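Presented below is the structure to which this report refers.
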There are 2 protein chains.
Amino acid sequence: MTRTKASEIERENSSDKIEKILQGSKQEFLAHGYTGASMDRVAVAAGVSKATIYSHFQDKEGLFKALIEQLARKRFESIFGAQTLEGEPNIVLRQLLAKALTQMLEDSEFQAFQRVIIGESARFPELAQILFRCIAKPGSEIISQYLASRSELNIPDPDAMVWVLMGSIVHLVIAQEIMHGKEILPMESDRLINALTHLINKCGE
Amino acid sequence: MTRTKASEIERENSSDKIEKILQGSKQEFLAHGYTGASMDRVAVAAGVSKATIYSHFQDKEGLFKALIEQLARKRFESIFGAQTLEGEPNIVLRQLLAKALTQMLEDSEFQAFQRVIIGESARFPELAQILFRCIAKPGSEIISQYLASRSELNIPDPDAMVWVLMGSIVHLVIAQEIMHGKEILPMESDRLINALTHLINKCGE
DNA sequence: GTCTATAGAGGGATAGAC
DNA sequence: GTCTATCCCTCTATAGAC
């Protein structure tokens with residue numbers, strides 16, 4: 001019986017501590033990056049002692065990797081929870097792009113996650129690759145197959161088209177929010193979405 | 001007379017030291033990021049003592065900012081050295097996109113620069129914004145005006161189209177090289193360029 | 001299992017000699 | 001202007017008590 005009931009909320013087992021440590025480390029790593037993060041501050045944020053962290057994780061690197069893998073898994077589930085992709089291409093694609101872009105623009109945790117992954121991609125190339133294995137690859141395959149299945153769209157290279165769509169919206173998030181470019185060179189997401197859907201429509205004419 | 005002649009190559013003045021320090025700090029900051037960089041290693045790489053660095057720059061932050069500003073200025077000059085943008089749109093745009101993409105894909109220093117700028121964009125938002133002021137904004141204005149001036153292209157929103165073009169190629173560099181995604185989800189630059197030029201052509205039909 | 005206390009290394013920055 | 005030597009702090013990681 002290791003379940004936590006409301007009546008025994010004071011008692012905590014190891015799994016709870018691990019989750020608390022991961023939550024605390026999320027704050028710290030997403031705010032300061034890998035090198036800038038302090039294990040002392042992780043301990044404070046998690047509400048445990050530093051020694052407890054080291055009893056559950058091998059070292060700072062092990063904790064960082066565990067956190068990133070957990071976050072990537074959660075992102076994957078939240079993105080591909082209920083994507084159907086059926087119906088009129090014009091509407092389906094517009095909704096898909098707009099929804100993905102809006103979610104990314106409004107989710108500052110995602111932006112911090114993306115910033116840290118890119119910033120540490122020299123030290124931890126395998127962590128950046130997890131994003132592609134878990135999110136970009138399955139996502140691009142779904143969209144590419146949809147584009148290919150709709151022959152009226154008349155797209156010569158669906159895989160390349162996915163890179164145009166994905167690249168345009170991901171880059172907008174990186175440029176406008178992550179890099180704070182919106183004050184210098186602003187672009188409304190509606191205009192980008194309109195431009196992309198207009199291009200796809202012209203393809204089929 | 002502070003010029004350095006070939007006959008007095010041993011003698012160095014302050015300007016030389018400053019340049020050596022910036023060169024040494026480039027290695028260190030681009031390889032390890034701001035927090036991960038060590039002033040001791042900068043001193044070794046530059047061939048000067050740590051105290052000499054602090055006599056020319058206020059602190060680590062000041063040196064980092066000076067370096068990033070220098071690199072941004074150099075990038076700007078190398079990109080907009082000889083861009084004419086005249087002639088048949090189909091050819092001009094294809095060449096422009098292909099050249100920009102190839103240069104970015106082959107320039108690992110640019111990639112490290114981009115990685116560090118993004119990684120530190122939470123701590124130093126003004127540095128990321130320098131990139132937009134010096135590179136993205138002037139570049140996008142040149143391309144946008146070209147697109148608008150060619151009425152046969154029939155582009156409803158040239159500014160938004162620039163974001164599609166720029167976003168697609170910059171994102172490819174980030175995804176394939178900076179984040180090491182090419183082993184997981186590869187995409188050849190030719191196919192992306194073909195897709196983009198095909199879209200632009202369809203617009204005008 | 002979890003804590004406090006601390007070891008041991010490396011960080012940024014500076015004083016003082018030359 | 002430039003160096004060597006050093007200060008003081010924070011860091012990761014662990015030893016030992018409970």
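Below, read A as the first sequence line, B as the second, and so on, with proteins coming before strands; counting in each chain starts at 1. As the structure is a prediction and not an experimental result, all values here were calculated from the model.
The distance from atom NZ of K60(A) to atom P of dC11(D) is 9 Å, rounded to the nearest whole Å. Here the P atom of nucleotide dC3(C) and the CE atom of M39(A) are 14 Å apart, to the nearest Å. As rounded to whole Å, 14 Å separates atom P of dA13(D) from atom CZ of F64(A). Straight-line distance from the OH atom of Y34(A) to the C1' atom of dC11(D): 12 Å, rounded to whole Å. The separation between K50(B) atom NZ and dG16(C) atom C1' is 16 Å, rounded to whole Å. Put simply, CZ on F57(B) is 15 Å from P on dT14(C), counting in whole angstrom units. H56(A) has its NE2 atom 7 Å from the P atom of dG1(C), to the nearest Å. Here dC11(D) presents its P atom at 13 Å from CD1 of I53(A), a figure rounded to the nearest Å.
Note on A37(A): only backbone sugar-phosphate atoms sit closer than 4.0 angstrom, heavy atoms only; bases stay farther off. At a threshold of 4.0 angstrom between heavy atoms, the contacts of S38(B) are confined to the sugar-phosphate backbone, with no base atom among them. If you check every strand for non-hydrogen atoms under 4.0 Å, D40(A) touches a base.
The number of heavy atoms from other shown groups lying within 6.0 Å of NZ (K137(A)) does not exceed 12.
Using a cut-off of 4.0 Å between Lys/Arg side-chain N and Asp/Glu carboxylate O, E109(B) and K26(B) are scored as salt-bridged.
With hydrogens and angles ignored, the 3.5 Å screen pairs no side-chain donor or acceptor of E177(B) with any backbone N or O of S108(B). In this structure a side-chain-to-backbone donor-acceptor pair under 3.5 Å is present from S121(B) to I178(A).
Among the nucleotides dC3(C), dC11(D), dT2(D), the one closest to the side chain of R41(A) is dC11(D).
Looking at which nucleotide of DNA chain C each of V48(A) and Y54(B) is closest to, the 5′-most match is held by V48(A).
Taking only side-chain nitrogens and oxygens, T52(A) never comes nearer than 4.0 Å to OP1 or OP2 of dT2(C).
By the 30° and 60° cut-offs, the orientation of the rings of F124(B) relative to F64(B) is tilted.
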